[in-house]
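Predicted model, so just to flag it, every value in this text is computed and none were measured.
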Amino acid sequence: MTTRRTGLKRRRGAVRAMVTALLCVLVALPARSGAASRAAVVPDTSRGHYAGHVGYVGTFNIYGNIGHRGDAGDWIRDEADTISELTLGDMDRWLFIGLQEVCQAQGERLARELGMRSAFVDTGTDCADGQPYGNALLFHEAVRILPPALLPNTDGRGGERGIICAVVRAPESPESPDGAYRSDGSGRSGPPVTACSTHLSVGRTRDRERQEQTEFIHDDWKPDGTHPLGADGPVVLAGDLNAPPDARELDVWYGGDGSEASGPPESGPPYTRPTYDDGRKIDYLFTWGERGERSAGRWHRTGTRRTVNSDHSFYYSELSTGTG
């Protein structure tokens, strides 16, 4: 993991990030089964004729500390119900969900409510009730959890930012030669995907720092010390990036073989799918392959869901890997 010596608090955060992510991968048992009880307007979840292996991906800044001061109460269950409704209660359709601004117990509870597992990176800041604070990744099964990292923080101000990734597999049906989607919960043997959750620095004057962070993740970071991110399969990154789509710091992810769930970068406002309460789009789902050698996948059925529990919307899309 990459760290910088900028004081005791940062070193504590770096150590806690590594220990938490590698030793505290939590097994979350399903809290319920069947479709969610509340009626909802949901997207068409039929597989259709997409090539490759299909699954939903979501990202959600849950406002866990400032908005909820670490509380992991019934509002978490309400959010789980809303997420489950998007796929008619079938959580097996999800590849993973990335969380930002999350206190550790909140990520753990949401994973349990959704019948998923979770991994967490501690960025060194405590929530109001003393819990570790950072990013979380929710998934069904992981081939492995990659060592997390803290992102470049040039001036040492504004709090640390981190990234947590895991190699996960999409569901695959043995009865179908093209790996059509299977929702019977009997396992996942599709191609590996490198799933990540991150949160970039905030502030109009921090654009250069955000650019260093995006370049670090895309070009420089070697989670195992040897191989670049994406060596295990195409990268799918979920995060609050604190920048509009046409910001220069996002060029490295929009360019080349990269793609974002809402398409090419927009100049706004207004935006087609704003993700923040003031109408901005600052939350993203990106995918890219390693050095152009792997297909980065295709996005379908992208959407947002507003919530009273956060100043961010839940942003989601369906991804098909392979050439299609």
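Residues R306 and F314 are not in side-chain contact: their nearest non-hydrogen atoms beyond the backbone lie 4.5 Å or more apart. With a 4.5 Å cut-off on side-chain heavy atoms, V143 and D232 do not count as touching. Annotation: side chain of R112 is not in contact with side chain of I76 (no heavy-atom distance under 4.5 Å). Side-chain contact check for E209 versus P152: every heavy-atom pair is 4.5 Å or farther apart. Within the 4.5 Å cutoff, the side chain of P245 has heavy atoms near those of the Y271 side chain. Counting heavy atoms from C-beta on, the side chains of L114 and I97 come closer than 4.5 Å. By the 4.5 Å heavy-atom criterion applied to side chains, S320 and H300 are counted as neighbours. In this structure, the side chains of K222 and H227 stay at 4.5 Å or more apart for every pair of heavy atoms.
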| query | Hey, mind stepping through F60 and T307 against side chain to side chain contact (heavy atoms under 4.5 Å, CB included) and telling me if it holds? | reply | CA-CA 10 Å; F60 188 24; T307 172; 3.8 Å; yes
| Which is it for Y63 and N309 under the side chain to side chain contact (heavy atoms under 4.5 Å, CB included) test, yes or no, and what are the steps along the way? | CA-CA 8 Å; Y63 208 41; N309 292 313; over 6 Å; no
| message | Applying side chain to side chain contact (heavy atoms under 4.5 Å, CB included) to T214 and L250, what does each step give before you reach the verdict? | response | CA-CA 7 Å; T214 58; L250 302 186; 4.3 Å; yes
| task | For side-chain hydrogen bond (donor to acceptor under 3.5 Å, both in side chains), just list the numbers for T302 and S317, CA-CA rounded to whole Å, side-chain angles, deciding distance to a tenth of an Å, and then say yes or no. | result | CA-CA 4 Å; T302 302; S317 190; 2.7 Å; yes
| task | Carefully, step by step, assess T154 and E212 under the rule side-chain hydrogen bond (donor to acceptor under 3.5 Å, both in side chains). | result | CA-CA 9 Å; T154 307; E212 292 175 356; 2.6 Å; yes
| task | Decide side-chain hydrogen bond (donor to acceptor under 3.5 Å, both in side chains) for T304 and R273; before the verdict, give the C-alpha distance in whole Å, the side-chain angles of both, and the deciding distance to 0.1 Å. | result | CA-CA 7 Å; T304 60; R273 299 180 185 91; over 6 Å; no
| task | Go through the steps for T198 and R161 under the test side chain to side chain contact (heavy atoms under 4.5 Å, CB included), then give the verdict. | result | CA-CA 8 Å; T198 194; R161 303 294 168 140; 6.0 Å; no
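A donor atom on one side chain and an acceptor atom on the other are found under 3.5 Å apart for E266 and T272. T59 and D283 form no side-chain donor-acceptor contact under 3.5 Å, judged by distance and modelled atom types alone.
Between the side chain of N135 and the backbone N or O of G162 there is at least one donor-acceptor pair closer than 3.5 Å. The backbone N or O of G89 sits nowhere less than 3.5 Å from a side-chain atom of T87 that would complete a donor-acceptor pair. Q211 places no side-chain N or O within donor-acceptor distance of the main-chain N or O of R248, the cut-off being under 3.5 Å. For T123 (side chain) and Y133 (main-chain N/O), a donor-acceptor pair under 3.5 Å exists by modelled atom type. Looking only at distances, no side-chain donor or acceptor of W253 sits under 3.5 Å from a matching main-chain atom of E249. Counting only distance, with no hydrogens or angles, the side chain of D224 and the backbone of L146 share no donor-acceptor pair below 3.5 Å. In this structure a side-chain-to-backbone donor-acceptor pair under 3.5 Å is missing from Q100 to I62. Distance alone, capped at 3.5 Å, is enough to place a donor-acceptor pair between the S197 side chain and the L99 backbone. In terms of modelled atom types and a separation under 3.5 Å, the side chain of R206 and the main chain of S201 share no donor-acceptor contact. Looking only at distances, no side-chain donor or acceptor of R69 sits under 3.5 Å from a matching main-chain atom of A128.
One hydrophobic cluster holds both W75 and I83 under the rule that ILVMFWY side chains link at heavy-atom gaps under 4.5 Å. V202 and L151 end up in different hydrophobic clusters when Ile, Leu, Val, Met, Phe, Trp and Tyr side chains are linked at under 4.5 Å. In the hydrophobic clustering of ILVMFWY residues, with side-chain heavy atoms under 4.5 Å counting as a link, V235 and V252 come out together. Criterion: ILVMFWY side-chain heavy atoms under 4.5 Å apart, direct or through other members. Under it, I282 and L285 are not part of a common hydrophobic cluster.
Under the 4.0 Å criterion applied to side-chain N and carboxylate O atoms, R77 and D74 are assigned as salt-bridge partners. Salt-bridge formation is detected for the pair E318/R301: a Lys NZ or Arg NE/NH1/NH2 atom is positioned less than 4.0 Å from an Asp or Glu carboxylate oxygen. Using a 4.0 Å cut-off between charged side-chain N and carboxylate O, D278 and R280 make a salt bridge.
Closest approach of A243 and Y284 over heavy atoms only: O-OH, 2.6 Å. Considering all non-hydrogen atoms of both residues, P234 and V193 come closest at O-CG1, 3.6 Å. Residues L138 and S118 come closest through the heavy atom pair CD2-CB, 3.5 Å. Between A238 and G58, the shortest heavy-atom contact is CB-O, 3.8 Å. The minimum heavy-atom distance between V168 and A195, with the atom names listed, is CG2-CB, 4.1 Å. Nearest heavy-atom pair, C196 versus F96, reported as atom, atom and distance to 0.1 Å: O-CE1, 3.7 Å.
Between the CD1 atom in I145 and the CZ atom in R117 there is a gap of 10.0 Å [rounded to 0.5 Å]. Here the straight-line distance linking atom CZ of R305 with atom OH of Y315 works out to 16.0 Å at 0.5 Å rounding. Note: H68 NE2 to S310 OG = 6.5 Å, rounded to the nearest 0.5 Å. For the atom pair CD (Q213) and CG (L150), the distance works out to 10.5 Å, reported to the nearest 0.5 Å. L229 CG to I163 CD1: the interatomic distance, rounded to the nearest 0.5 Å, is 6.0 Å. Distance CG/N65 to CG/D126: 9.0 Å, rounded to 0.5 Å.
Relative ring orientation between Y316 and Y56 is described as tilted, the plane-to-plane angle lying within the 30° to 60° band. Note: Y254 and F286 have perpendicular aromatic rings, judged against thresholds of 30 and 60 degrees for the angle between ring planes.
Aromatic pair H140/W94: centroids not less than 6.0 angstrom apart.
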